[in-house]
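Both ligands and their constituent atoms are indexed starting at 1 by order of listing. Nothing here was measured: the structure is a model prediction, and the numbers come from that model.
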Amino acid sequence: MQSQLARACVPMAASYGRLLATDSLLAVEAADGDPLYLSCSPASSDALSRRPPPLLLPLLAAGGSAHSLTVSCPERVPAARLRAALRRALDAEEGRPLPLLSLPSRERGFLLLQPRRSPAAQERRLRPLLAPHLQHLRVCAYELGSGSRVWQCPWGEGRARWLVEKAVAAPEIHPSVPSLKGEAVFGCWKEAQGVLQECIPFIPEARGVLELWDKCPKYPQKGNVPVIVVEGLDATGKTTLTQSLKESLRAVLLKSPPACISQWRKIFDNEPTLIRRAFYALGNYIVASEIAAESTKSPVVVDRYWHSTAAYAIATEISGGLHNLPVRNHEVYQWPEDLLKPDLVVLLTLSQEERVRRLQSRGIEKTKEEAELEMNVPFREKVEELYKRMENPRCVAVDASPPREAVIENVLHLIKDHCLI
Ligand SMILES: Nc1ncnc2c1ncn2[C@@H]1O[C@H](COP(=O)(O)OP(=O)(O)OP(=O)(O)O)[C@@H](O)[C@H]1O
Ligand SMILES: Nc1ccn([C@H]2C[C@H](O)[C@@H](COP(=O)(O)O)O2)c(=O)n1
């Protein structure tokens with residue numbers, strides 16, 4: 001637990017300079033996906049709340065209860081896994097907890113809103129669930145005081161309490177943007193490898209991935225033939241196009257994640273962002289060594305590569321709409337310097353109506369993110385937009401709606417223009 005004194009002394013994160021006056025800030029992912037900011041400041045009991053906190057005040061006034069919990073474990077892999085385990089438990093027990101980021105500590109967790117349970121009854125339910133993890137958690141109850149003031153009361157800190165108000169101003173950037181690099185998007189293989197090494201005690205399959213990676217050359221170069229990557233949302237026609245390109249160019253067809261690690265994909269897909277993205281990121285580097293080997297002999301076509309890894313990672317981490325995404329030219333859009341670059345990245349684009357038609361006519365198993373793409377319009381829009389923001393190399397958009405033969409023809413023209421063949 002962070003002591004009251006330490007908390008009071010923590011300076012507000014530099015990137016949130018406009019909020020210097022507050023002691024800490026809770027960024028809550030509200031229902032519409034745009035973060036809602038609540039400030040918590042030390043205040044005497046006669047302090048007046050001028051900006052009553054949305055969500056909390058109406059809920060408490062109607063007799064419900066609210067609790068926040070943030071994970072303060074210093075090691076990132078156990079912290080991420082504990083958060084995921086708590087989320088699963090809370091999802092089952094408590095209804096949907098709202099993701100929460102506490103600033104400036106950057107500790108993540110959840111806000112639990114219970115309209116039908118009193119604070120005391122809720123505490124009796126939460127205690128046994130949280131007890132085994134309390135040393136790694138900061139849990140706060142929210143209490144309604146006189147004059148409609150809402151107080152944050154941390155468990156285990158005696159009578160300490162903090163006045164909760166609606167924050168004066170929202171930060172200029174989405175609160176998750178500063179931690180994208182290194183937590184969701186990896187700028188070099190060493191970062192992704194580091195995460196998977198930390199996973200070995202908890203996920204034995206991480207050792208398998210790392211052993212394969214150990215055998216790969218670390219900065220492979222491509223040969224003198226075209227290397228073409230095909231990207232796009234699911235069912236835009238990547239498999240169809242890559243198969244045809246394979247035949248037309250007499251190319252080798254590769255896929256990211258590569259076949260050698262795909263037996264572990266489901267395991268990593270069920271892990272939190274940090275671990276899941278490290279798996280896909282290192283998978284790209286393993287594919288890079290395959291590209292290097294194959295491109296000494298024949299052209300290479302790759303079904304998904306780094307752009308997919310980065311686009312899906314950012315879209316998942318940044319809640320809300322397009323306006324919350326990192327600005328254009330942000331470092332998370334830059335191709336990693338140590339990753340083999342293709343000659344051309346084709347992005348297949350398709351209207352949502354036609355994509356759904358193709359999905360339905362195909363009807364195969366989907367990953368959680370693919371299912372999310374169908375149901376969650378902002379998520380899909382973000383993935384599409386993110387593909388377009390990637391740089392160095394950029395994606396070249398190709399309309400995937402014409403008949404198969406026409407799409408292939410267009411892409412072959414592009415290849416002629418971009419590659420020396
Ligand atoms: N140009 C096209 N016109 C009409 N149908 C197409 C076209 N290209 C592909 N399809 C059909 O659309 C469906 C999805 O195509 P495909 O499997 O190639 O997409 P994908 O991008 O590889 O999907 P995923 O990423 O989910 O594997 C398939 O049934 C395929 O036959
Ligand atoms: N290089 C890659 C490849 C895939 N992913 C993720 C993104 C989606 O969740 C899913 C789509 O893959 P598909 O079903 O088309 O095989 O896998 C990634 O992050 N990086």
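Judged by the 6.0 Å and 45° rule, Arg127 forms a cation-pi pair with Trp155.
Comparing heavy-atom distances from atom 29 (O) of ligand 1 across Ser308, Ser361, Gly237 singles out Ser361 as nearest. The closest non-hydrogen atom to atom 22 (O) of ligand 1, taken over Leu348, Thr242, Thr239, Val230, comes from Thr239. If you check each of Phe279, Phe268, Tyr280, Tyr312 against atom 5 (N) of ligand 2, the one with the closest non-hydrogen atom is Tyr280. For atom 10 (C) of ligand 2, the choice among Arg277, Lys238, His307, Arg265 with the nearest heavy atom turns out to be Arg265.
Counting atoms of ligand 1 from 1 in the listed order, those under 4.0 Å from a heavy atom of Ala235 are 14 (C), 19 (O), 20 (P), 21 (O), 23 (O), 24 (P), 25 (O), 26 (O). Counting atoms of ligand 2 from 1 in the listed order, those under 4.0 Å from a heavy atom of Pro257 are 3 (C). Applying the 4.0 Å criterion to heavy atoms of Pro403 picks out, from ligand 1, the atoms 1 (N). Near Arg304, the atoms of ligand 1 lying under 4.0 angstrom from a non-hydrogen atom of the residue are 25 (O). Heavy-atom proximity to Pro402, at under 4.0 Å, picks out these atoms of ligand 1: 1 (N), 2 (C), 3 (N). The contact set between ligand 1 and Ala400, taken as ligand atoms under 4.0 Å from a residue heavy atom, comprises 1 (N).
No heavy atom of Arg276 sits closer than 4.0 Å to any atom of ligand 2. Distances from ligand 1 to the non-hydrogen atoms of Gly232 include no value under 4.0 Å.
Inclusion of Lys238 in the set of residues having an N or O under 3.5 Å from an N or O of ligand 1 is warranted. For ligand 1, the polar-atom distance check finds an N/O of Thr236 within less than 3.5 Å of one of the ligand's N/O atoms. Every N/O-N/O distance between Val407 and ligand 1 stays at or above 3.5 Å. Backbone and side-chain nitrogen or oxygen atoms of Ser401 are examined, and none is located within less than 3.5 angstrom of a nitrogen or oxygen of ligand 1. Between Asn284 and ligand 2, at least one pair of N/O atoms sits closer than 3.5 Å. Among the atoms of Arg304, some N or O lies under 3.5 angstrom from an N or O of ligand 2. Checked by distance only, ligand 1 and Arg358 come closer than 3.5 Å through their nitrogen or oxygen atoms.
Within the structure, the salt bridge (Lys or Arg N to Asp or Glu O under 4.0 Å) test picks out the following pairs touching residues 195-224 (sequence neighbours left out): Arg76-Glu198, Lys222-Asp343.
Proximity of a side-chain donor or acceptor of Ser351 to a complementary backbone N or O of Glu354 within less than 3.5 Å is detected. Checked by atom type and distance alone, the side chain of Arg117 never pairs as donor or acceptor with a backbone atom of Gln122 at under 3.5 Å. Remark: side-chain polar atoms of Tyr305 are not paired, donor with acceptor, to backbone N or O of Lys255 under 3.5 angstrom. Put simply, the side chain of Lys382 never gets that close to the backbone of Tyr312: no donor and acceptor are under 3.5 Å apart. Checked by atom type and distance alone, the side chain of Arg277 never pairs as donor or acceptor with a backbone atom of Ala184 at under 3.5 Å.
The CD1 atom of Ile228 lies 12.0 Å from the CG atom of Leu253; values are rounded to the nearest 0.5 Å. Note: Leu386 CG to Glu381 CD = 11.5 Å, rounded to the nearest 0.5 Å.
Only the backbone of Tyr305 comes within contact range of ligand 2, with a heavy atom under 4.0 Å; no side-chain atom does.
No side-chain donor from either of Trp335 and Glu391 sits under 3.5 Å from a side-chain acceptor of the other.
In this structure, Glu75 places its CD atom where only 12 or fewer heavy-atom neighbours from other residues, nucleotides or ligands lie under 6.0 Å away.
A distance of 6.0 Å or more separates the ring centres of Trp151 and Trp162.
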